[in-house]
> 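Sharing a structure, written as structure tokens. Questions coming.
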Amino acid sequence: MTLTLSDPGLFRQSAFIGGEWRQAGNLSMLAVDNPADGSIIGSVPDSDASDTEQAISAANAAWPAWRALTAGARADLLERWHALILAHIDDLARIMTAEQGKPLAEAAGEIRYAATFVKWFAGEGRRIYGGMIPAPDADRRILTWKEPVGVSAIITPWNFPAAMITRKCAPALAAGCPVVIKPSDLTPFTALALAVLAERAGIPAGVFNVVTGRPTGIGTALTGSPLVRKLSFTGSTRIGALLMGQCADSVKRLSLELGGNAPLIVFDDADLDIAVAATMASKFRNAGQTCVCANRILVQDGVYARFADKLAAAVTALRVGPGFTPGMTIGPLINDAAVAKVSAHVDDALSKGAKVFAQADSPSTGRFATPTILTGASTDMRLASEETFGPVAPLFRFTDEREALDIANDTPFGLAAYFYTENLHRAFRVAEGLEAGMVALNTGSIAMEMAPFGGIKQSGLGREGGPTGIEEYLETKAFHIGGLKMNEAQ
Ligand SMILES: NC(=O)C1=CN([C@@H]2O[C@H](COP(=O)(O)OP(=O)(O)OC[C@H]3O[C@@H](n4cnc5c(N)ncnc54)[C@H](O)[C@@H]3O)[C@@H](O)[C@H]2O)C=CC1
Ligand SMILES: O=C(O)[C@H](O)CS(=O)(=O)O
């Protein structure tokens, strides 16, 4: 496909290392396709460990000057980056839709969402405070302050090609850390366009690096280098655990945003219109390809039929097609393997007694999954224990609150959970009873820059965004001053 941009300079088919746009040392390239039709958008360097080590060295060399800038100077550069991102939102959205597939309006929404992290952390970077701790002796003072952790490796997934980069890079840069970014090999062009704008904003050479290509060699170099002091990763739990192990020898700081299996619970005393709207927002955002999508929908007996009917009216109105086609609300899945996984989940559920209750129309060819409501879902089905990562809404039935919590918590994951009730007492019982890092009552959206984002159990480590997000890139130093002559007037 030919990508038409107002600013063609945003579309780069090179890696960005040490302030230079360059090819891989071995000159190999990796093609990137459009999920809607499989056409090739372009190619990027298939970088290897040597290229990655050059990026790490460039970042390490740039670190002293970057950390020596005042917090305000770094924040000013982030503000300029923020302004440039918003000024190029249309082109950035077109690049994202071309490589990730989401409808153009949704891609533009992600760019706006991604920009909020840059704005938020430009502000947070100006308020990295220290303190003084009351000392045990009259001649001692104890001061503390925060320092940047150092060169930070950023590995991001294909489902949010812009927001996952800014949610990690903005706090890192604000804290004084240079970054080496490895975007998904499926969606590198959005990351490269953000690098173009970072360069235009004046972020110095070596501070912001993007290494493209297949992941294994790059990942081994990033996790093995002693110069890399921090790894921030978003993706599957399987890969997150692998990278965590690879970081063990050099004891790196870790931020891991991993897989989920979010329950969504509709109680008899819910406002069903709110519950249906929130289910649509959580389940079908990004065609169901988010780690916080409702994966299991638990509906209490008394409202099961009415909720299913109301949800069916909304699901059948979804419009499935290529992201560049006006009016589409559900785009293609990222690749053939994703389509196969969704189909396997549906087939497995049907073989174990589930029924198709409602479906939207969808193209019969291409990487499109059909938005589907299944009734009669049960906990022995694959979709009850695995992330479907597609537009399938399985409805499970439950009788009482205890049973709902037991089903909801019966998973090694604990990222997000949603529930709907108008009862205040139940609201606090359930919010405290759900095993998740993020819990939502009577809403379906939880991803925003001011709120901590992260999970418990096998859904990850740390929190991104919010009042603590910048701490992921800071170390606390304690400074002890002893022997002070406080009783001798000079
Ligand atoms: N928690 C979340 O936000 C996300 C969860 N997922 C889950 O992961 C599943 C697979 O999706 P993927 O994008 O393939 O996730 P993934 O975990 O395989 O890939 C995520 C990132 O890690 C990189 N990566 C993969 N193997 C690596 C290695 N050995 N060393 C270094 N980097 C490596 C990939 O290139 C990508 O940049 C999805 O079906 C979904 O269940 C996927 C994306 C986001
Ligand atoms: O990887 C993901 O799915 C994102 O973290 C989801 S969100 O933060 O954009 O909601």
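Both ligands and their constituent atoms are indexed starting at 1 by order of listing. Hydrogens, waters and symmetry mates are skipped; everything else that's a heavy atom, side chains included, is used. Values in this document were obtained by computation on a predicted structure and should not be read as measured data.
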> Any idea which atoms of ligand 1 are less than 4.0 Å away from a heavy-atom of E257?
1 (N)
> Distance to 0.1 Å, residue and atom name: give those for the protein heavy atom nearest to atom 8 (O) of ligand 2.
R167 NH1, 2.7 Å
> For atom 1 (O) of ligand 2, what's the nearest protein heavy atom and its distance?
N159 ND2, 3.3 Å
> Just which atoms of ligand 1 are under 4.0 Å from any heavy atom in K182?
23 (C), 32 (N), 34 (C), 35 (O), 37 (O)
> For D185, counting its heavy atoms only, list the atoms of ligand 1 lying under 4.0 Å from any of them.
35 (O)
> Give the contacting part of R285 toward ligand 2: side chain, backbone, both or neither, where contact means a heavy-atom distance below 4.0 Å.
side chain
> Run T372 and Q359 through side-chain hydrogen bond (donor to acceptor under 3.5 Å, both in side chains) and show every step you take.
CA-CA 4 Å; T372 300; Q359 290 186 303; 2.9 Å; yes
> Sequence neighbours excluded and cut-off under 3.5 Å, please list the side-chain donor-acceptor pairs for residues 178-185, or say none.
from	atom 1	to	atom 2	distance (Å)
S184	OG	L186	N	3.1

> Starting from atom 2 (C) of ligand 2, what is the nearest protein heavy atom, named by residue and atom, and what distance separates them?
C291 SG, 3.1 Å
> Which of these, P188, A338, C291, has its nearest heavy atom closest to atom 2 (C) of ligand 1?
C291
> Among F160, F233, F389, W158, which residue places a heavy atom closest to atom 6 (N) of ligand 1?
F389
> Out of all atoms in ligand 1, which are within 4.0 Å of some heavy atom of T234? Include the element for each.
2 (C), 3 (O), 20 (C)
> Distance under 4.0 Å to a non-hydrogen atom of Y113: what atoms of ligand 2 satisfy this?
7 (S), 8 (O), 9 (O)
> Give the numbers and elements of all ligand 2 atoms closer than 4.0 Å to a heavy atom of T290.
3 (O)
> Taking only heavy atoms of P157, which atoms of ligand 1 are found under 4.0 Å from at least one of them?
43 (C), 44 (C)
> One residue to check: L242. Relative to ligand 1, which of side chain, backbone, both or neither has a non-hydrogen atom less than 4.0 Å away?
side chain
> Considering only heavy atoms of K341, which atoms of ligand 1 have at least one such atom less than 4.0 Å away?
39 (O), 41 (O)
> Between S250 and K252, is there a side-chain donor-acceptor contact under 3.5 Å, judged purely by atom types and distance?
yes
> From atom 41 (O) of ligand 1, work out which of Q289, R214, E387 has a heavy atom at the shortest distance.
E387
> Tell me: protein heavy atom nearest atom 24 (N) of ligand 1, and distance?
P215 CB, 3.6 Å
> Would you say the side-chain atoms of W158 and E99 include a donor-acceptor pair closer than 3.5 Å?
no
> Between the candidates I155, T156, L333, which shows the shortest non-hydrogen contact distance to atom 37 (O) of ligand 1?
T156
> Any atoms of ligand 2 less than 4.0 Å from a non-hydrogen atom of A447? List them with their elements.
7 (S), 8 (O), 10 (O)
> For atom 30 (N) of ligand 1, what's the nearest protein heavy-atom neighbour? Residue, atom name and distance, please.
L243 CD2, 3.6 Å
> For ligand 2, which atoms sit closer than 4.0 Å to a heavy atom of V292?
10 (O)
> Atom 9 (C) of ligand 1: which of G455, C293, S236, G240 has the nearest heavy atom?
S236
> Under 4.0 Å, heavy-atom basis, I'd like to know which part of T234 is in contact with ligand 2: side chain, backbone, both or neither.
side chain
> Does the protein put a heavy atom less than 4.0 Å from atom 19 (O) of ligand 1?
no
> Of all the atoms in ligand 1, which lie at a distance below 4.0 Å from a heavy atom belonging to L258?
1 (N), 2 (C)
> Which is it for E257 and ligand 2 at heavy atoms under 4.0 Å: side chain, backbone, both or neither?
neither
> Quick check with a 6.0 Å cut-off and a 45 degree axis cone: is R12 positioned over the face of F189's six-membered ring?
no
